[in-house]
Amino acid sequence: MKKAVLAIAFILPLAACTTQERNATIGAGVGVAAGSAITGDATGAIAGGLVGGGIGAATAR
């Protein structure tokens with residue numbers, strides 16, 4: 001239950017964002033998760049977040 005409430009608290013503010021901001025946020029989140037899972041350290045998570053955020057921002061319509 002705690003995780004669901006926390007997820008809603010993080011996702012709900014995205015409703016007020018523009019499409020580009022929303023895509024960048026989602027891309028960064030996925031990038032952090034992927035970078036952390038692949039490398040297992042903070043440097044990989046940061047790099048993944050930067051790359052994912054950049055790609056998310058670039059793909060906005």
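Through ILVMFWY side-chain contacts below 4.5 Å, V32 is grouped with nothing and stands alone.
In this structure, CD in Q20 is found 10.5 Å from OG1 in T25, a value given to the nearest 0.5 Å. For the atom pair T18 OG1 and N23 CG, the distance stands at 8.5 Å (nearest 0.5 Å).
For the side chain to side chain contact (heavy atoms under 4.5 Å, CB included) test, residues two or more places apart in sequence or in another chain that qualify with A24 are A57. Annotation: side chain to side chain donor-acceptor pair (under 3.5 Å) contacts of T39 (sequence neighbours excluded): D41.
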List the atom pairs, with distances to 0.1 Å, where a side-chain N or O of residues 42-51 and a protein N or O form a donor-acceptor pair under 3.5 Å, not counting sequence neighbours.
none

Could you give the side-chain donor-acceptor pairs of residues 6-16 under 3.5 Å, partners two or more places apart or in another chain?
none

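Residue pairs satisfying the side chain to side chain donor-acceptor pair (under 3.5 Å) criterion with at least one member in residues 27-37, sequence neighbours excluded, are absent.
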